[in-house]
Amino acid sequence: SYARLGRFADARRHFLGAARALLLAPVAQFASEDVKNVLQEIDEMMDSLEQDPASALDLSNLALRIEAYVESTLQEETGWKARLLSKTFGYALKINDVESAYHAMTSNPDGEQRANSLKMLVHSLHKSKQLELLFEKPLVAAPARFSGTDSRNTVGVCLQGEVASILLERARAGGDDYFKSLYAFHAKQHNMQKAAEAMYALAERFTASGAKNDDTQDYGHAAEYLMV
């Protein structure tokens with residue numbers, strides 16, 4: 001293929017042409033197997049572009065547009081949505097495209113993949129000191145895939161509890177800065193009781209270890225909240 005030969009520009013033109021053919025063709029001409037073959041080809045090309053995540057992200061977005069169009073016009077699931085969104089998330093995170101990563105994560109109907117992506121997003125943004133970008137989001141994901149009946153779950157999934165759990169887990173594992181992030185998160189949610197608990201837990205850790213903390217006034221306020 002073009003990708004294996006390193007001719008990524010030619011490969012991209014090839015897939016763009018295939019995508020246009022699919023998107024412009026009358027619905028009656030769609031063959032489910034043909035669509036899956038195109039998505040499979042794009043998926044393989046994305047794998048070959050691991051060292052070029054920006055280009056891989058372009059292709060994954062293209063594949064998602066094809067997948068969405070087919071599902072909306074044929075009312076038939078392709079089975080590719082969760083996989084493509086998971087890959088889109090990964091490529092976006094690599095190039096620090098937080099908006100695209102967040103959208104891919106919250107759109108993923110697979111609960112397990114979404115949870116893994118959320119954990120990666122929290123850790124990445126904490127490391128780059130950009131967690132406030134996540135805290136500003138509504139933190140509501142698309143409805144989880146509903147199996148077992150023909151009915152569909154249309155209730156969005158609140159991710160606030162998951163974010164708090166991720167931060168708390170890392171904080172308890174020894175990440176002092178995660179306690180501060182957990183405090184900031186709860187404060188952003190106007191849950192000052194939980195924010196105070198996070199701050200107080202860190203103060204206790206400092207006391208136990210003998211480490212000095214410059215934020216004594218803040219921790220005093222935390223103690224006051226805990227006594228309310």
Side-chain angles (χ1 to χ4, degrees), residues 53-54 57 82 85-145 153 155-228:
L57 180 60
L85 284 167
S86 184
K87 286 196 166 188
T88 299
F89 168 82
Y91 299 137
L93 195 61
K94 282 184 178 180
I95 63 174
N96 198 35
D97 184 346
V98 178
E99 289 295 327
S100 295
Y102 175 81
H103 178 72
M105 181 271 294
T106 55
S107 300
N108 200 320
D110 186 292
E112 184 176 354
Q113 291 187 36
R114 184 180 62 239
N116 290 336
S117 294
L118 178 58
K119 185 174 293 188
M120 291 172 61
L121 183 61
V122 169
H123 295 337
S124 177
L125 293 179
H126 183 272
K127 184 177 180 180
S128 62
K129 301 186 184 303
Q130 294 179 292
L131 265 176
E132 70 278 2
L133 297 179
L134 182 62
F135 295 170
E136 293 289 340
K137 301 294 185 185
L139 292 173
V140 176
R145 182 177 291 133
N153 179 14
V155 179
V157 180
C158 180
L159 301 178
Q160 292 180 8
E162 292 184 40
V163 172
S165 295
I166 293 168
L167 293 171
L168 181 59
E169 180 183 2
R170 289 302 293 265
R172 287 175 171 171
D176 291 349
D177 283 345
Y178 276 91
F179 272 123
K180 297 176 182 178
S181 294
L182 183 60
Y183 166 82
F185 175 70
H186 285 311
K188 183 67 177 178
Q189 304 301 323
H190 305 291
N191 188 342
M192 297 311 298
Q193 178 72 22
K194 287 292 186 181
E197 288 175 6
M199 190 180 290
Y200 194 74
L202 180 55
E204 287 189 319
R205 175 172 291 178
F206 281 136
T207 300
S209 65
K212 291 184 177 181
N213 173 49
D214 295 330
D215 301 323
T216 54
Q217 184 175 3
D218 289 342
Y219 288 104
H221 291 162
E224 291 174 7
Y225 275 116
L226 287 173
M227 291 186 289
V228 172

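Residues: numbered from 1 along the sequence shown.
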Participant: Say you draw a straight line from CD1 of I166 to CG of L118; how long is it, rounded to the nearest 0.5 Å?
Facilitator: 4.0 Å

Participant: Would you please test H126 and R170 for side chain to side chain contact (heavy atoms under 4.5 Å, CB included) and show each step?
Facilitator: CA-CA 11 Å; H126 183 272; R170 289 302 293 265; over 6 Å; no

Participant: Could you give the distance from CG (L85) to NE2 (H103), rounded to the nearest 0.5 Å?
Facilitator: 7.5 Å

Participant: To the nearest 0.5 Å, tell me how far N116 CG sits from L121 CG.
Facilitator: 12.5 Å

Participant: Should we count OH of Y91 as having more than 12 external heavy atoms under 6.0 Å?
Facilitator: yes

Participant: State, to 0.1 Å, how close A142 and V157 come at their nearest heavy-atom pair, and which atoms those are.
Facilitator: O-CG2, 3.8 Å

Participant: May I ask you to check whether over 12 heavy atoms, not counting those of E204, lie within 6.0 Å of atom CD?
Facilitator: yes

Participant: Give the minimum heavy-atom separation between L168 and F179, together with the two atoms involved.
Facilitator: CD1-CE2, 4.4 Å

Participant: Determine yes or no for a side-chain-to-main-chain donor-acceptor pair under 3.5 angstrom, with S107 supplying the side chain and A104 the backbone.
Facilitator: no

Participant: Looking at A171 and R205, what are the two nearest heavy atoms and their distance?
Facilitator: O-NH1, 2.9 Å

Participant: Grab the two heavy atoms, one from Q113 and one from S86, that are nearest each other, plus how far apart they are.
Facilitator: OE1-CB, 3.1 Å

Participant: Side chain to side chain contact (heavy atoms under 4.5 Å, CB included) for Q160 and F185? Distances and angles first, verdict last.
Facilitator: CA-CA 9 Å; Q160 292 180 8; F185 175 70; 4.1 Å; yes

Participant: Measuring from D97:CG to T88:OG1, what's the distance to the nearest 0.5 Å?
Facilitator: 10.5 Å

Participant: Does any non-hydrogen side-chain atom of K180 lie less than 4.5 Å from one of D176?
Facilitator: no

Participant: Please name the pair of heavy atoms, one in V122 and one in L131, separated by the smallest distance, quoted to 0.1 Å.
Facilitator: O-CD2, 3.8 Å

Participant: Please find the pair of heavy atoms, one from F135 and one from V163, that lie closest to each other, and give the distance.
Facilitator: CE2-CG1, 4.4 Å

Participant: Determine whether V98 and S124 make a side-chain contact, defined as any pair of heavy atoms from C-beta on separated by less than 4.5 Å.
Facilitator: no

Participant: Roughly how far, to the nearest 0.5 Å, is CG of L93 from OG of S128?
Facilitator: 8.5 Å

Participant: Short question: side chain of T106, backbone of Y102 - any donor-acceptor pair under 3.5 Å?
Facilitator: yes

Participant: Would you call the rings of Y178 and H123 parallel, tilted or perpendicular if under 30° counts as parallel and over 60° as perpendicular?
Facilitator: perpendicular

Participant: Evaluate the side-chain proximity of K137 to E99: yes if any heavy-atom separation is below 4.5 Å, no if none is.
Facilitator: yes

Participant: Quick test of your reading of the model: are E136 and K188 salt-bridged, counting only N-O distances below 4.0 Å?
Facilitator: yes

Participant: Out of curiosity, K119 NZ to L167 CG, how far, rounded to the nearest 0.5 Å?
Facilitator: 11.5 Å

